[in-house]
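See structure below.
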Amino acid sequence: MNQQKFDCPKCKKPTLSNFNTSEGVVVDFCDQCFGIWFDKDELANYIELSKDIPEIKEMKEQARKTGLACPKCKGTLEELPFSSQTNILVDRCESCGGIFFDAGEIIEAEKASAALETLEDRMKTVVKRFAEQGYQPV
Ligand SMILES: [Zn+2]
Ligand SMILES: [Zn+2]
């Protein structure tokens, strides 16, 4: 089986591989840094939210440009908080809206989402499913 590999924005090497979740959402894991890439709406789809980043408008105001390249469209990633309740920063592509979580950030997001009631169970489920499927961030 030939898998298409994408360049990890952090490792800058083709280390991102497709991963089909049992829900039919495709995410990309980095073999090297254990970051996770979600294409636009994948995260929202996965956790049944209307938006990948629930408070995107407010969060965009705090966005900071990074020099990192989007693995999918080669746009530029900007760093912004995942939510106002957390200090987790995610990297989001300005052009295609994909999101990159560093290793363990998704776990932190799960913990922090306790503050966002609707998010809590969903993020817990995400992390549990990933772990069941072999995802072990360092
Ligand atoms: Zn990586
Ligand atoms: Zn992009």
Side-chain angles (χ1 to χ4, degrees):
M1 222 173 64
N2 232 340
Q3 264 208 338
Q4 190 181 6
K5 295 238 180 182
F6 294 96
D7 284 353
C8 170
K10 297 280 161 91
C11 303
K12 301 179 170 56
K13 277 185 252 170
T15 48
L16 281 179
S17 341
N18 270 231
F19 180 84
N20 288 290
T21 67
S22 43
E23 294 74 24
V25 176
V26 182
V27 297
D28 298 277
F29 283 119
C30 174
D31 311 330
Q32 254 172 40
C33 69
F34 297 96
I36 306 174
W37 176 264
F38 290 91
D39 283 341
K40 183 179 169 25
D41 298 331
E42 282 180 346
L43 180 62
N45 249 325
Y46 203 49
I47 57 179
E48 293 160 5
L49 284 175
S50 56
K51 294 190 193 85
D52 290 326
I53 296 181
E55 306 156 280
I56 184 68
K57 255 202 181 137
E58 293 81 351
M59 297 308 108
K60 276 265 316 163
E61 286 163 19
Q62 298 175 52
R64 193 180 65 80
K65 287 214 188 294
T66 71
L68 305 176
C70 172
K72 298 293 171 83
C73 77
K74 304 297 165 203
T76 311
L77 302 185
E78 55 184 18
E79 188 178 69
L80 71 174
F82 176 66
S83 92
S84 55
Q85 315 290 327
T86 71
N87 42 26
I88 297 157
L89 296 169
V90 297
D91 297 297
R92 180 175 179 274
C93 176
E94 292 178 80
S95 312
C96 71
I99 297 177
F100 188 76
F101 278 87
D102 280 335
E105 271 179 347
I106 191 99
I107 311 277
E108 288 305 312
E110 182 253 301
K111 286 188 209 142
S113 64
L116 295 165
E117 288 171 39
T118 53
L119 263 179
E120 186 181 15
D121 289 343
R122 292 168 183 171
M123 292 307 283
K124 266 199 180 125
T125 314
V126 170
V127 171
K128 218 180 94 209
R129 284 175 192 154
F130 283 172
E132 281 166 6
Q133 288 162 312
Y135 176 63
Q136 298 284 351
V138 273

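- Using a 4.5 Å cut-off on side-chain heavy atoms (C-beta onward), Met59 and Val90 make no contact.
- We find the CG-CD distance between Leu89 and Glu105 to be 7.0 Å, quoted to the nearest 0.5 Å.
- Shown here for Gly35 and Phe100, the closest heavy-atom pair between the two residues is CA-CZ, 3.5 Å.
- Two residues are said to be in side-chain contact when any heavy atoms from C-beta on lie closer than 4.5 Å; Gln32 and Lys10 fail this criterion.
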Side-chain donor/acceptor pairs under 3.5 Å, residues 63-71, sequence neighbours excluded:
{"from": "Arg64", "atom 1": "NE", "to": "Glu79", "atom 2": "OE1", "distance (Å)": "3.1"}
{"from": "Arg64", "atom 1": "NH2", "to": "Glu79", "atom 2": "OE1", "distance (Å)": "2.8"}
{"from": "Lys65", "atom 1": "NZ", "to": "Glu94", "atom 2": "OE1", "distance (Å)": "3.1"}
{"from": "Lys65", "atom 1": "NZ", "to": "Glu94", "atom 2": "OE2", "distance (Å)": "3.1"}
{"from": "Thr66", "atom 1": "OG1", "to": "Leu68", "atom 2": "N", "distance (Å)": "3.1"}
{"from": "Thr66", "atom 1": "OG1", "to": "Leu77", "atom 2": "O", "distance (Å)": "2.6"}

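- Contact record, Cys11 with Cys30: SG-SG, 3.7 Å, taken as the closest heavy-atom pair.
- With sequence neighbours left out, Phe38 forms a ring-ring contact (aromatic ring centres under 6.0 Å, His included) with Phe101.
- Checked against side chain to side chain contact (heavy atoms under 4.5 Å, CB included), Lys74 has the following partners two or more places apart in sequence or in another chain: Asp7.
- Minimum heavy-atom separation, Phe82 to Pro54: O-CD, 4.1 Å.
- The distance from atom CD1 of Ile56 to atom CZ of Arg92, rounded to the nearest 0.5 Å, is 4.0 Å.
- Residues meeting the side chain to side chain contact (heavy atoms under 4.5 Å, CB included) test with Glu58, sequence neighbours left out: Glu55.
- For Asp28, the side-chain hydrogen bond (donor to acceptor under 3.5 Å, both in side chains) partners at least two apart in sequence or on another chain are Asn18, Lys72.
- Not a single side-chain hydrogen bond (donor to acceptor under 3.5 Å, both in side chains) links Asp41 to another residue, sequence neighbours left out.
- The closest side-chain heavy-atom distance from Ile53 to Leu43 is not below 4.5 Å.
- Between Gln62 and Pro81, the shortest heavy-atom distance links the atoms OE1-CG, 3.5 Å.
- Considering NZ of Lys40 and OG of Ser95, their distance stands at 12.0 Å, rounded to 0.5 Å.
- Residues Cys8 and Lys13 are not in side-chain contact: their nearest non-hydrogen atoms beyond the backbone lie 4.5 Å or more apart.
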